[in-house]
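Residue numbering restarts at 1 for every chain, and letters A, B, ... go by the order of the sequence lines.
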Protein chains: 2
Amino acid sequence: MLHIAYTKKTTFLYMPFTLILNNIAKHIHLSKEEQVVFTDLLKPQAIKRKQFWLSDGDICKHSAFVTTGCLRGFTVDKNGIEHVLSFAPPDWWMADMYSLISQKPGILNVEALEDTQVLLLSKTNQEKLYQQIPKFEHFFRVLVENSLVASQQRLIDGLSLTAEDRYNNFCKRYPTLIYTLPQKQIASYIGVTPEFFSRMRSRK
Amino acid sequence: MLHIAYTKKTTFLYMPFTLILNNIAKHIHLSKEEQVVFTDLLKPQAIKRKQFWLSDGDICKHSAFVTTGCLRGFTVDKNGIEHVLSFAPPDWWMADMYSLISQKPGILNVEALEDTQVLLLSKTNQEKLYQQIPKFEHFFRVLVENSLVASQQRLIDGLSLTAEDRYNNFCKRYPTLIYTLPQKQIASYIGVTPEFFSRMRSRK
DNA sequence: CTAAAAACTTGACCTACATCAACTTTGCCC
DNA sequence: GGGCAAAGTTGATGTAGGTCAAGTTTTTAG
């Protein structure tokens, strides 16, 4: 009995962790012991649809890895208009990087678009991980490098493409999200109003 | 004789390296031996005003750390219009991250705005560094994290601020660059035409 | 199953910024 | 130091995309 309970909680085959372990295995190799050390630092959390995981002004204490559902990160400007910075479907990470790094109040809101399950890695545990398994320093460097490339590409797209081209890019890059996301969220992500987005789609 | 030559090349006080060693010291501590290992992996290069360090389509093989002068990184869109992604005054790093990571042809052009001195760290040497002094993995992770935060903030600004507010932000963030940079480069960075930028400044 | 809320559409009008063109000023190089 | 290219200015006009408002459709939660 006891043994089964232990197994369930820590073996690397225990369902909630297979996604994140595969995600990591793309970049670094972990022994089974290291996998256990790692997964023991994670805390599962459920976030109901429309519930906020993080609000403007909060200090971000965790990174969240999405296993099911979908999160969106957005800011609100001085006119009350929302601007979507990122979506996090399963297999993606989400955090307010500015706040997580500086431990100062952030500007990001993170809301669940549907009932969502995440694995939380606290900043403290992340630092422990860097100490105990230095390979994770490499892993997160690569992760952040890829985010930077994507962010810069989006900057370039914003400066050099029309809304229509940006939409086409979005469709290519996130083919699955097009069907699950409300149009107004995609509109916000590519930087146009829902009205203009609607007109844009009806041309073609 | 021989001893003097050796000293000049490797001691950490040798002028060209003090800037980069201080830059690094902000995040990690290096012993004198480690400093020598590191600086021996760097290759100084001079880039004349208007000369290109990197062109659209090149594979980016190095990171460049600017010690004097200034670089600008930009892309060219299908209408031939240039869009400035970043400036690198002294104490800043420059690279085409996408190309550097993937070793595929990049999209960035990097040109010297004035006669510029850089220290080059090749991708190969950077990987050696990660092997030999794992602290560097930490250093570059932090560096990239900060770039990501800046890039995301610029994305948000582009979506939520007027050109005028973006200009004001630019002035606050890069007070020194305003006086050295041609207006059209700043215009391009904040995402407007030189004509509109000129009008914007004459109001006020 | 139903009522209410949220998402989407469509029309009329508006504005921040772009484009093109002609001119003036600046600054670099021989 | 003078000629010339690049940078900056200014005016007239064009347009991608925004705003506001009213209506229709879809989704959601009980």
To the nearest angstrom, how far is [X] atom [atom1] from [N] atom [atom2]?
| X | N | atom1 | atom2 | result |
| --- | --- | --- | --- | --- |
| B:D115 | C:dC28 | CG | P | 11 Å |
| A:I190 | D:dA16 | CD1 | P | 15 Å |
| A:L159 | D:dA16 | CG | P | 18 Å |
| B:I186 | D:dT9 | CD1 | C1' | 16 Å |
| B:Q51 | C:dC28 | CD | P | 17 Å |

Hey, can you pull the donor-acceptor pairs under 3.5 Å for the side chains in residues 55-64 of chain A, sequence neighbours left out?
from  : atom 1 : to     : atom 2 : distance (Å)
A:D58 : OD2    : A:S55  : N      : 2.8
A:K61 : NZ     : A:Q103 : OE1    : 3.4

Between [X] and [Y], does at least one N-O distance fall below 4.0 Å, as a salt bridge requires?
| X | Y | value |
| --- | --- | --- |
| B:E137 | B:R141 | no |
| A:K184 | A:E195 | no |
| A:R173 | A:D157 | yes |

At under 4.0 Å between heavy atoms, which parts of nucleotides 3-17 of chain C does protein reach? Answer with one letter per nucleotide, 5' to 3': B base, S sugar-phosphate only, - none.
---SSSSBBB----B
Consider only side-chain N and O atoms of A:Q185 and A:Y189, and report whether a donor and an acceptor are under 3.5 Å apart.
no
State whether a side-chain donor-acceptor pair under 3.5 Å links A:N168 with A:E164.
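No pair is found: no donor N or O on one side chain lies under 3.5 Å from an acceptor on the other.
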